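Read the structure below first, then the notes.
These numbers come from a predicted model, not from an experiment. All values below were derived from every heavy atom in this structure, side-chain atoms included, with hydrogens, water molecules and symmetry-related copies excluded.
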Amino acid sequence: MPPHLISISYPLETKYANANEIPTMEQIAVILLSFVLAAGFLLVILSCALWANWLPLLVALTFILAPVPNSICSRCARADDLSPEYNSAYVDFGRFLTGMLVTTGLSLPVLLAHSKLIQPAACWMSIAGGGLVYGTILVYSGWFGGSSDDEGW
């Protein structure tokens, strides 16, 4: 065997002497999600920096804030010591605000491009980057949120 392939051919057991050193699925998921989040922020920042116009940065702000009303309102809807019944009005209001912020994040770059405040390429880069940021936050909260099965995203 050639000498440059010898280091690759070692089995997994010799590389990781201890079983605790092997990365788990959760660690791999966090690494992949952080890569996708960094790619999303890179697209948004490039959409601003390439054309020297920082208005598309507002899109990242709306997509970062989009899951916040949903998570706050889902916490308020649970039954507690003062009110034993479950109230879904809080969850519906949180979903409404989340939908409003996501729609704003998708339509704001189109509006800015239509009014010629940003370039069309910056518009599409901003939408793609914002979608990656929001999708990463959504997947992370769904995977690691620890919510019950009856709660939606």
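The two residues A29 and F144 come nearest to each other via the heavy atoms CB-CZ, 4.3 Å. Nearest approach of M125 to L46, heavy atoms of both residues: CE-CB, 3.5 Å. Closest approach of G40 and V133 over heavy atoms only: C-CG2, 3.9 Å. Nearest heavy-atom pair, G130 versus V44, reported as atom, atom and distance to 0.1 Å: N-CG2, 3.7 Å. The two residues P67 and I137 come nearest to each other via the heavy atoms CG-CG2, 3.3 Å. The minimum heavy-atom distance between S126 and P56, with the atom names listed, is OG-O, 3.5 Å.
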Run the numbers on R95 and N70 for side-chain contact (heavy atoms from CB on, under 4.5 Å), then give the verdict. CA-CA 6 Å; R95 288 181 181 162; N70 203 11; 3.7 Å; yes
Would you please test M100 and L97 for side-chain contact (heavy atoms from CB on, under 4.5 Å) and show each step? CA-CA 5 Å; M100 183 183 69; L97 288 178; 3.8 Å; yes
Evaluate side-chain contact (heavy atoms from CB on, under 4.5 Å) for L37 paired with L132, printing each intermediate quantity in order. CA-CA 6 Å; L37 184 69; L132 285 175; over 6 Å; no
Any chance you could lay out the side-chain contact (heavy atoms from CB on, under 4.5 Å) test for C48 and L57, step after step, and finish with the verdict? CA-CA 7 Å; C48 298; L57 200 58; 3.9 Å; yes
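Note that CH2 of W124 and CD of Q119 are 14.5 Å apart. Values are rounded to the nearest 0.5 Å. Annotation: the span from E26 atom CD to W143 atom CH2 amounts to 7.5 Å, rounded to 0.5 Å. The OG atom of S74 sits 13.5 Å away from atom CZ of F93, with the distance rounded to the nearest 0.5 Å. Note that OG of S34 and OH of Y140 are 10.5 Å apart. Values are rounded to the nearest 0.5 Å. Atom CG of L117 sits about 11.5 Å away from atom SG of C123, to the nearest 0.5 Å. Once rounded to the nearest 0.5 Å, the distance linking CE of M25 with CG of L32 reads 8.5 Å.
In the hydrophobic clustering of this structure, V59 groups with L106; members are Ile, Leu, Val, Met, Phe, Trp, Tyr whose side-chain heavy atoms approach within less than 4.5 Å, directly or through other members. By the rule that hydrophobic residues join a cluster once side-chain heavy atoms approach within less than 4.5 Å of another member, W54 and L50 end up as members of separate clusters.
With T62 as the fixed residue, the side chain to side chain contact (heavy atoms under 4.5 Å, CB included) test singles out one of T103, V102, T104: T104. With I118 as reference, L112 is the one residue of V110, L112, L108 to meet the side chain to side chain contact (heavy atoms under 4.5 Å, CB included) rule.
Remark: W51 CH2 is packed, more than 12 non-hydrogen atoms of other residues, nucleotides or ligands lying under 6.0 Å away.
Residues Y134 and T98 are in side-chain contact: their nearest non-hydrogen atoms beyond the backbone lie under 4.5 Å apart.
Residues satisfying the side chain to side chain contact (heavy atoms under 4.5 Å, CB included) test with L101, not counting sequence neighbours, are L65, A66, P69.
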